[in-house]
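Have a look at the structure below, then the notes.
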Amino acid sequence: MEEKERPVDFIREIIREDIKNNKYGGRVHTRFPPEPNGYLHIGHAKSICLNFGIAEEFKGLCNLRFDDTNPTKEEQEYVDSIKEDVRWLGFDWQEREYYASDYFEKLYEYAVELIKKGSAYVCDLSADEIRDYRGTLTEIGKDSPYRNRPFEENLGLFERMRKGEFPDGSRTLRAKIDMRSGNINMRDPVMYRILHAEHHRTGNKWCIYPMYDYAHCLSDSIEGITHSICTLEFEDHRPLYDWFLDQLGVYHPQQIEFARLNLSRTVLSKRKLIQLVQEGHVSGWDDPRMPTLSGIRRRGYTPETIRNFCDRIGVAKKDSTVDMALLEYLLREDLNKRAQRVMAVLKPLRVVIINYPENQPENQIEELDAINNPEDPGMGTRKVPFSRVLYIEQDDFREEPPKEFFRLAPGREVRLRYAYFIKCVDVIKDKSGKIIELHCTYDPATRGGDSPLWVGSSTDRRKVKATLHWVSASHSIEAEVRLYDHLFAVPDPGEETGDFKKDLNPESLVILRSCMVEPYLAAAKSGDIYQFERQGYFCVDPDSSLWDGSSTGGKTVFNRTTTLRDTWAKIEKRLK
RNA sequence: UCGGAGGUCGUCCAAUGGUAGGACAGGAGCCUUUGGAGCUCUCAAUCGGGGUUCGAGUCCCUGCCUCCGAGCCA
């Protein structure tokens, strides 16, 4: 089988060209540079797959570098979660775990060099004043009165900034570029600010911290990065990235920008994600409805699906929103191959097989053979107990079936998967008219679910239109099932209303507490993935281990990762 | 209004001056012991206007639309 050629994106094209021209000596070295101030989400996965993927493909390297230049926002907890997520995706940075804070001393020396060159100066303007002097998008800025301080004075002042002689915000070190530039980033940007804050790695060693633009290009340079890949909003920063490196005459990587991922029916901005957590719209960063990697993982997605997805969406410079349906398609494709099939009744309806022998003990239970995965015979078979009293899905019975409904109804015959054909002969209701039980007969000739020949025919087999899943009442185990759906009810949250929270899907989580699953699931452990036949893919939630006294009452908890493709649901929707 | 970047099926990505193609979504059908999976078919696009060229999605001009930018955030 030949591999389908996937077209290369513009970044890989640039890299191919660079290798051909022996730029950087044919070397390829990328980096993934998260700020440890939050959890990674699927948008970050795109960047991770791009950077680590390129390194793999071109036999290069990819560093993991924490961009930790703002001590007021960053924490070790985030460093740990980021490492876990990158590892989960299957990437390895070996010993190359770096921190911008590792370079603080070197960065300071470079700053001194720039001051000596007359390319940087200490400015006494306040934050408000700097903003005033900066001008606007349409008006040029004006020079700071401190712009032309002699370099000895700048040197002295900068040294005293480092020593902690000045309060926060009282002074900054600025690059001396051009206050009349059309690019606001070039209007003497701040390089260092005074921040008497404890840093998660350097503690109280520093009270001045470098800004992103200054630290990032130099960190790339120090690490010998060849291609510094970032998102579109940094396009305006590239002249500044280049300026610092050129001024210092140091090794110069190239910055390349691509469009960040947007996904329909969710949000990926840090600000919005924080709101969802803080206002309790979700249970936390790892809520299975969150697009965070920890949430996705708990939901039951596999890292292979995410990597495949990142591969399939491509890389370009155009703003775009990928349809969640593509992610779900790839998820099903992956899970279909690997998930063990199992039967679970989510909303049980009691069924009594009235002609099933009940007075002969040896006949009361049968062990029937069920296939574990029709896509993979290697996964084998298992035994499923059958008895006189069963549960089927409430949704699989209609007293008055619409035309296209071909599941169980009064007088109608269907197949119970791997068991028998049954026919509904009676509907039992309580005083309020609610259906509480079905009486059915079974046909012993259909054992295993095989269709027998019509009476008198040698070729024509009896047909049933539906096959239902079921469990034996006395053998099944009670479980909690959490049905997850899209967090947002519309493709583009906030688009219409202006407030993304108004578009939250009220049914993004439905909890079912008395589901009945087949006994095989007694051995299920946290993280295990199953397909509940005809319903979807489910994984065992970590809450399952919170035995006794917990909200789950010691039951196993299954998260619905995604539904199966559901033709009937589509028909039903159309009928409404 | 100034600077930067973008506009190809509903969505995402291709086509690198030579037949606009793939995937998802939608529709129709086949098959089926999961209304699953699979298979087949189908719908569907070059932002507008000029120009260059034998030939333009691609090159030039022009207009329009979208996104990003005024943190001592990254």
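The structure displayed is predicted, hence computed values, not measured ones. Each chain gets a letter, A, B and so on, in the order the sequences are listed, and its residues count up from 1.
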| Of all residues at least two apart in sequence or in a different chain, which pass the side chain to side chain contact (heavy atoms under 4.5 Å, CB included) check with R398(A)? | P401(A), P402(A), F405(A), W568(A), E572(A)
| Whole-Å gap separating P (C24(B)) and CG (D311(A)) | 15 Å
| field | Integer angstrom distance from the P of G10(B) to that of A45(B) | value | 7 Å
| request: Rounded to whole angstrom, note down the C1' distance from U42(B) over to A25(B). | output: 14 Å
| said: Using the ring centroid of each side chain, check whether F66(A) and Y99(A) are separated by less than 6.0 Å. | reply: yes
| remark: In whole angstroms, the gap separating C1' of G6(B) from CZ of R260(A) amounts to 16 Å
| said: Which is it for G71(B), anti or syn, if anything within 90° of zero counts as syn? | reply: syn
| request: Go through the side-chain N and O atoms of R341(A) and N372(A) and say whether any donor and acceptor fall under 3.5 Å apart. | output: no
| remark: By side chain to side chain contact (heavy atoms under 4.5 Å, CB included), Y420(A) pairs with (sequence neighbours left out) E366(A), F386(A), Y442(A), T446(A), R447(A)
| Between U62(B) and G3(B) - P atom distance, rounded Å | 14 Å
| message | Tell me whether the side-chain N/O atoms of K570(A) come closer than 4.0 Å to OP1 or OP2 in G26(B). | response | yes
| Listed by chain and number, what are the ring-ring contact (aromatic ring centres under 6.0 Å, His included) partners of H41(A), not counting sequence neighbours? | H44(A)
| query | Hey, does the side-chain of Q531(A) have a donor or acceptor N/O within less than 3.5 Å of a partner on the base of U34(B)? | reply | yes
| Going by atom types alone, do E257(A) and Q255(A) pair a side-chain donor with an acceptor below 3.5 Å? | yes
| task | At under 4.0 Å between heavy atoms, which parts of nucleotides 40-48 of chain B does protein reach? Answer with one letter per nucleotide, 5' to 3': B base, S sugar-phosphate only, - none. | result | ---------
| message | Taking atom types as they are modelled, would you say the side chain of E13(A) forms a donor-acceptor pair with the base of U16(B) within the 3.5 Å cutoff? | response | yes
| said: Between D242(A) and R238(A), does any side-chain N to carboxylate O distance fall below 4.0 Å? | reply: no
| task | Please work out whether the ring planes of F488(A) and F500(A) are parallel, tilted or perpendicular, with thresholds of 30° and 60°. | result | tilted
| field | Whole angstrom value for the distance that separates C1' of C68(B) from CZ of R238(A) | value | 13 Å
| query | How would you list, by chain and number, every residue that makes a side chain to side chain donor-acceptor pair (under 3.5 Å) with N185(A), sequence neighbours excluded? | reply | none
| said: I want to confirm an ordering. Mapping R417(A) and L564(A) to their closest nucleotides on RNA chain B, which one lands closer to the 5' end? | reply: R417(A)
| query | Rounded to whole angstroms, how far apart are NZ on K465(A) and P on U34(B)? | reply | 14 Å
| said: Please list, in numerical order, the residues of residues 368-375 of chain A that have a heavy atom closer than 4.0 Å to any atom of RNA chain B. | reply: P374(A), E375(A)
| task | Please check if the distance between the ring centroids of Y241(A) and Y214(A) is under 6.0 Å. | result | no
| query | Just checking, is any N or O donor in the side chain of D85(A) or Y39(A) under 3.5 Å from an acceptor N or O on the other one? | reply | no
| task | Give the nucleotide from the list G35(B), G4(B), A14(B) with an atom nearest to the side chain of P7(A). | result | A14(B)
| field | Qualifying residues under side chain to side chain contact (heavy atoms under 4.5 Å, CB included), relative to N21(A), sequence neighbours excluded | value | E17(A)
| message | Taking the P atom in each of G22(B) and C64(B), what is the distance between them to the nearest angstrom? | response | 36 Å
| Which value, in whole Å, describes the distance between the C1' atoms of nucleotides C72(B) and U66(B)? | 32 Å
| query | Within the structure shown, what part of the strands sits under 4.0 Å from T321(A) by heavy-atom distance: base, sugar-phosphate, or nothing? | reply | sugar-phosphate
| field | Electrostatic pair R462(A):E413(A) at N-O distance under 4.0 angstrom | value | yes
| message | Any residue in residues 330-346 of chain A with a heavy atom nearer than 4.0 angstrom to RNA chain B? Just list them by number, or reply none. | response | N336(A), R341(A)
| So, are D376(A) and R338(A) salt-bridged, with charged N and O less than 4.0 Å apart? | no
| said: Whether the E35(A) and Y78(A) side chains hold a donor-acceptor pair (N or O, under 3.5 Å, no angle test) is what I'd like checked. | reply: no
| request: Please state whether the phosphate of A37(B), meaning OP1 or OP2, lies under 4.0 angstrom from any side-chain nitrogen or oxygen of R565(A). | output: yes
| F158(A) vs Y192(A) aromatic rings, parallel, tilted or perpendicular, using cut-offs 30° and 60°? | perpendicular
| field | side chain to side chain contact (heavy atoms under 4.5 Å, CB included) involving T72(A) - partner list, sequence neighbours excluded | value | N70(A), L195(A), A197(A)
| query | When you check the side-chain N and O atoms of T381(A) and D369(A), is any donor under 3.5 Å from an acceptor? | reply | no
| field | Salt-bridge present (E223(A), R31(A); N to O < 4.0 Å) | value | no
| request: Answer with yes or no after comparing the ring centroid distance for H216(A) and F234(A) against a 6.0 Å cut-off, counting only values under it. | output: no
| message | I208(A) and side-chain contact (heavy atoms from CB on, under 4.5 Å): which single residue from R193(A), R171(A), M161(A), K163(A) fits? | response | M161(A)
| query | What string of B, S and - do you get for nucleotides 69-74 of chain B, 5' to 3', when a contact is any protein heavy atom under 4.0 Å? | reply | BBSBSB
| No-hydrogen, no-angle side-chain donor-acceptor test under 3.5 Å, N373(A) and E375(A) | no
| query | Taking atom P in both U52(B) and U1(B), what distance in whole Å separates the two? | reply | 31 Å
| With a 4.0 Å cut-off on heavy atoms, is V315(A) in touch with a base, just the backbone sugar-phosphate, or nothing at all? | sugar-phosphate
| query | With sugar-phosphate meaning primed atoms plus P, OP1 and OP2, does Y209(A) contact a base, only sugar-phosphate, or nothing at under 4.0 Å between heavy atoms? | reply | nothing
| 5'-most by nearest nucleotide on RNA chain B - L326(A) or F405(A) | L326(A)
| said: So, does S320(A) get its side chain near the phosphate of C13(B), meaning an N or O under 4.0 Å from OP1 or OP2? | reply: yes
| message | Is it the case that G35(B) (base atoms only) and R407(A) (side chain only) share a donor and an acceptor within less than 3.5 Å, ignoring hydrogens and angles? | response | yes
| task | Write down the distance between CZ (R415(A)) and P (U32(B)), rounded to a whole number of angstrom. | result | 11 Å
| If you measure from the P atom in U19(B) to the same atom in C13(B), how many Å do you get, rounded? | 22 Å
| query | Taking only Watson-Crick and G-U wobble pairs with both distances under 3.5 Å, what dot-bracket line describes RNA chain B, where [ ] shows pairs that cross earlier ones and | shows pairs with another strand? | reply | .((((((..((((....[..)))).(((((.......)))))....(((((..]....))))))))))).....
Show the distances under 3.5 angstrom between N or O atoms of the protein and N or O atoms of nucleotides 63-67 of chain B.
from: C67(B); atom 1: O2'; to: D319(A); atom 2: OD2; distance (Å): 3.1

| task | Using the P atom as the reference point in each nucleotide, state the distance between G63(B) and C68(B) in Å, no decimals. | result | 23 Å
| request: Please state how far atom CZ in R265(A) lies from atom P in C24(B), giving the value in whole angstrom units. | output: 18 Å
| field | Between P of C12(B) and CD of E328(A), the distance in whole Å | value | 17 Å
| Expressed in angstrom and rounded to an integer, what is the separation of F258(A) atom CZ from C13(B) atom P? | 12 Å
